[in-house]
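Take a look at the structure set out below.
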Protein chains: 2
Amino acid sequence: MKKSQVTIKDIAKELGISASTVSRALKNHPDISQKTRDAVHRLAEELNYQPNAVALSLKNSRTRTIGVIIPEIVHYFFSSVISGIEDVAYDAGYNVMICQSNEKFEREVTNAQTLLSNRVEGILVSVTKESDHFDHLKQFIKRGIPLIFFDRDAKGIEADRILINDKMAGYKATKHLIEAGCKRIAHLCGPQSLTIAKERLSGYKQALEEANIPFNEEYVLSADDFELGKKATRELLNLETPPDGIFAVNDLTAIGAIKSIHNKGMNTPKDIAIVGFSSGRFADITEPTLTSIDQHGYEMGSKATELLIKRIESEEESIVHEDIFIETNLIIRESSIHNK
Amino acid sequence: MKKSQVTIKDIAKELGISASTVSRALKNHPDISQKTRDAVHRLAEELNYQPNAVALSLKNSRTRTIGVIIPEIVHYFFSSVISGIEDVAYDAGYNVMICQSNEKFEREVTNAQTLLSNRVEGILVSVTKESDHFDHLKQFIKRGIPLIFFDRDAKGIEADRILINDKMAGYKATKHLIEAGCKRIAHLCGPQSLTIAKERLSGYKQALEEANIPFNEEYVLSADDFELGKKATRELLNLETPPDGIFAVNDLTAIGAIKSIHNKGMNTPKDIAIVGFSSGRFADITEPTLTSIDQHGYEMGSKATELLIKRIESEEESIVHEDIFIETNLIIRESSIHNK
DNA sequence: TTGAAAGCGCTAACAC
DNA sequence: GTGTTAGCGCTTTCAA
């Protein structure tokens with residue numbers, strides 16, 4: 001199944017010249033006579049010669065490849081990030097090697113080894129939910145290979161980080177509901193083991209506090225998918241004084257909430273306003289369209305890659321690592337226009 | 001920024017032995033004394049030696065890397081495919097290099113060159129909407145590098161193909177509407193330059209024909225996203241005799257159709273039944289939930305990669321290429337329960 | 001049991 | 001202007 005590819009030697013032999021002359025001719029080295037250059041170019045074209053990137057990598061100790069370790073590819077946010085990574089890498093002439101950890105720590109470790117073996121020049125990582133120690137990632141630092149964390153943080157490693165300001169986002173979402181006239185705002189929150197979920201809850205609390213709305217424990221339920229959103233909302237609606245606004249930790253949960261509200265014969269946004277947190281291309285196709293926090297996954301990927309390439313190409317030894325927060329913004333749609 | 005990595009030579013020098021001995025010791029070659037072996041392994045561990053995959057690739061002319069060219073990563077279906085690819089590749093010890101063409105032909109050409117340069121051992125391609133000639137891909141065939149097309153076909157190339165049976169799917173969708181009692185079925189179709197769009201249309205026609213429903217040109221409009229779906233549906237509703245069923249080329253288009261139907265004060269499924277074609281996690285969260293064709297993207301990716309690896313590792317010269325069709329199935333939800 | 005040497009494809013310093 | 005040589009990191013004959 002393998003016919004090996006065209007090499008510089010093949011061209012050299014065919015033309016009766018040396019490999020180095022071919023090499024120089026191909027890069028239009030001024031020393032080489034026009035005649036030889038033309039002949040080489042013509043033959044290269046004809047044979048569809050493609051320089052062997054593997055040989056070049058070995059020679060130059062530069063692979064022009066960056067590695068990515070990501071928990072899951074099938075996830076709107078993560079795939080947006082990958083898209084941003086790929087676009088920036090492409091423009092800068094880098095290749096991208098993507099590994100999916102499937103949220104398994106063991107696989108993350110293997111992925112790291114693979115990328116190390118393949119001599120990636122830099123690496124972008126979003127750790128699994130399981131990951132709690134990071135020796136496998138420290139290897140990169142030790143070898144001077146730039147490492148950048150995105151979205152999910154890994155405490156205790158000297159590295160750059162590109163994160164979302166989740167607390168601020170939770171704050172913005174809640175404040176918006178307050179400004180829309182809601183008095184009793186509930187929050188459907190994510191698992192408190194995840195920093196991002198904790199931060200969003202914390203932003204919610206801060207907004208209430210600033211508006212002098214007392215925090216009500218009954219209004220905070222754990223729910224982070226469509227079904228759980230439906231269920232939790234049913235419970236909220238059965239309270240003596242049900243909420244008139246809900247901030248959900250992601251869009252699917254928000255959509256579940258809307259569904260339960262409809263099923264109860266009530267209306268969103270009139271009776272209960274809803275704000276979600278983007279987790280897909282859902283917000284503008286629901287009925288009503290969903291006010292939601294935009295997470296800018298693409299931007300996260302592109303910013304991370306820009307910084308990574310800057311690190312790769314920088315000569316400096318001592319680097320001050322940055323924590324970069326991607327600003328989220330609230331996109332106001334129909335589900336929160338709550339005019340009481 | 002670069003401290004070069006540990007090599008076999010480093011270990012050899014440190015231990016005062018030759019590189020070849022280290023190499024053999026590392027693979028537990030029986031010739032090497034237990035003592036040397038132990039010492040080498042210990043030091044390799046200590047220095048966290050990782051074999052240089054680049055050097056190995058050059059030496060063996062085997063990169064253990066497969067290339068992927070995909071139109072867009074941020075797309076539920078495509079990201080599912082990637083996930084399937086990555087999982088199978090990982091299990092088989094292959095790396096994956098992903099390139100996104102962004103639906104641009106020029107970029108697809110560059111991507112192909114990059115992957116060729118990087119000496120991928122096989123390649124999976126889904127061509128752009130623009131692609132109409134494929135010399136850049138024929139290069140792979142010419143060099144004996146297995147090439148497999150997935151989802152989108154490229155006519156006139158000798159290669160394996162993993163496709164969805166789009167005609168059958170279009171047929172199933174339309175037949176379902178007929179069985180649900182629809183008499184006037186419209187189709188919102190994709191660009192006819194894409195085989196998949198053509199096939200779906202063709203399945204639609206076949207179902208009509210079988211049911212002795214005359215084909216009506218007015219009922220076929222081009223629309224393949226949310227906005228276009230809304231617009232095209234408005235036009236359909238303005239016809240003298242509007243349809244009572246719509247088969248849309250993808251889910252977003254179907255959801256756009258539902259929106260326009262609602263806006264017109266009509267009801268889905270009562271007035272007009274709708275069937276979509278899966279393009280996301282939308283179908284079960286819409287109101288009403290959407291009857292849709294399930295495309296099995298993950299399976300497409302994993303099957304394609306299995307076949308690709310089989311091709312890579314096969315010694316045979318003459319290969320009979322296969323067209324593999326992934327079976328789709330219709331998932332019936334609320335939007336098509338059309339009881340007149 | 002180990003070492004020396006050649007070669008995978010390419011480039012660049014050094015000849016001539 | 002062009003050729004020779006060495007070397008990137010590794011493996012594998014061949015020789016000792």
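Residue numbers start from 1 in every chain, and the chains themselves are labelled A, B, ... in the order their sequence lines are given, proteins ahead of strands.
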Phosphate oxygens OP1/OP2 of [N]: is one of them under 4.0 Å from a side-chain N or O of [X]?
{"X": "B:Tyr49", "N": "D:dG9", "result": "no"}
{"X": "B:Ser33", "N": "C:dT1", "result": "no"}
{"X": "B:Lys59", "N": "C:dA6", "result": "no"}
{"X": "B:Thr21", "N": "C:dT2", "result": "no"}
{"X": "B:Thr36", "N": "C:dT1", "result": "no"}

[X] [atom1] to [N] [atom2]: how many Å, rounded?
{"X": "A:Lys9", "N": "D:dT5", "atom1": "NZ", "atom2": "C1'", "answer": "13 Å"}
{"X": "A:Asp31", "N": "D:dG3", "atom1": "CG", "atom2": "P", "answer": "12 Å"}
{"X": "A:Leu56", "N": "C:dC8", "atom1": "CG", "atom2": "P", "answer": "16 Å"}
{"X": "A:Leu26", "N": "D:dT2", "atom1": "CG", "atom2": "P", "answer": "14 Å"}
{"X": "A:Arg37", "N": "D:dG1", "atom1": "CZ", "atom2": "P", "answer": "9 Å"}
{"X": "A:Arg24", "N": "D:dG1", "atom1": "CZ", "atom2": "P", "answer": "13 Å"}
{"X": "B:Gln34", "N": "C:dT1", "atom1": "CD", "atom2": "P", "answer": "10 Å"}
{"X": "B:Asn60", "N": "D:dT13", "atom1": "CG", "atom2": "P", "answer": "12 Å"}

Check ion pair B:Asp87-A:Arg107 (N to O, under 4.0 angstrom): yes
Touch class at under 4.0 angstrom, heavy-atom based, for B:Ser20 against every strand present: base
Touch class at under 4.0 angstrom, heavy-atom based, for B:Ser57 against every strand present: nothing
Output field: ring centroids A:His136/A:Phe105 closer than 6.0 Å: yes
Residue mapping more 5' on DNA chain C - nearest nucleotide basis, B:Ile32 or B:Leu58: B:Ile32
A:Asp10 side chain vs A:Thr7 backbone, donor-acceptor pair below 3.5 Å: yes
Name of the residue among B:His75, B:Glu72, B:Gln100 meeting side chain to side chain donor-acceptor pair (under 3.5 Å) with A:Ser83: B:Gln100
Of A:Glu103, A:Glu108, A:Lys104, the residue whose pairing with A:Ser131 passes side chain to side chain donor-acceptor pair (under 3.5 Å): A:Glu108
Nearest-nucleotide 5' precedence on DNA chain D, A:His29 against B:Ser23: A:His29
Presence of donor-acceptor pair under 3.5 Å, side chain of A:Arg119 and base of D:dG9: no
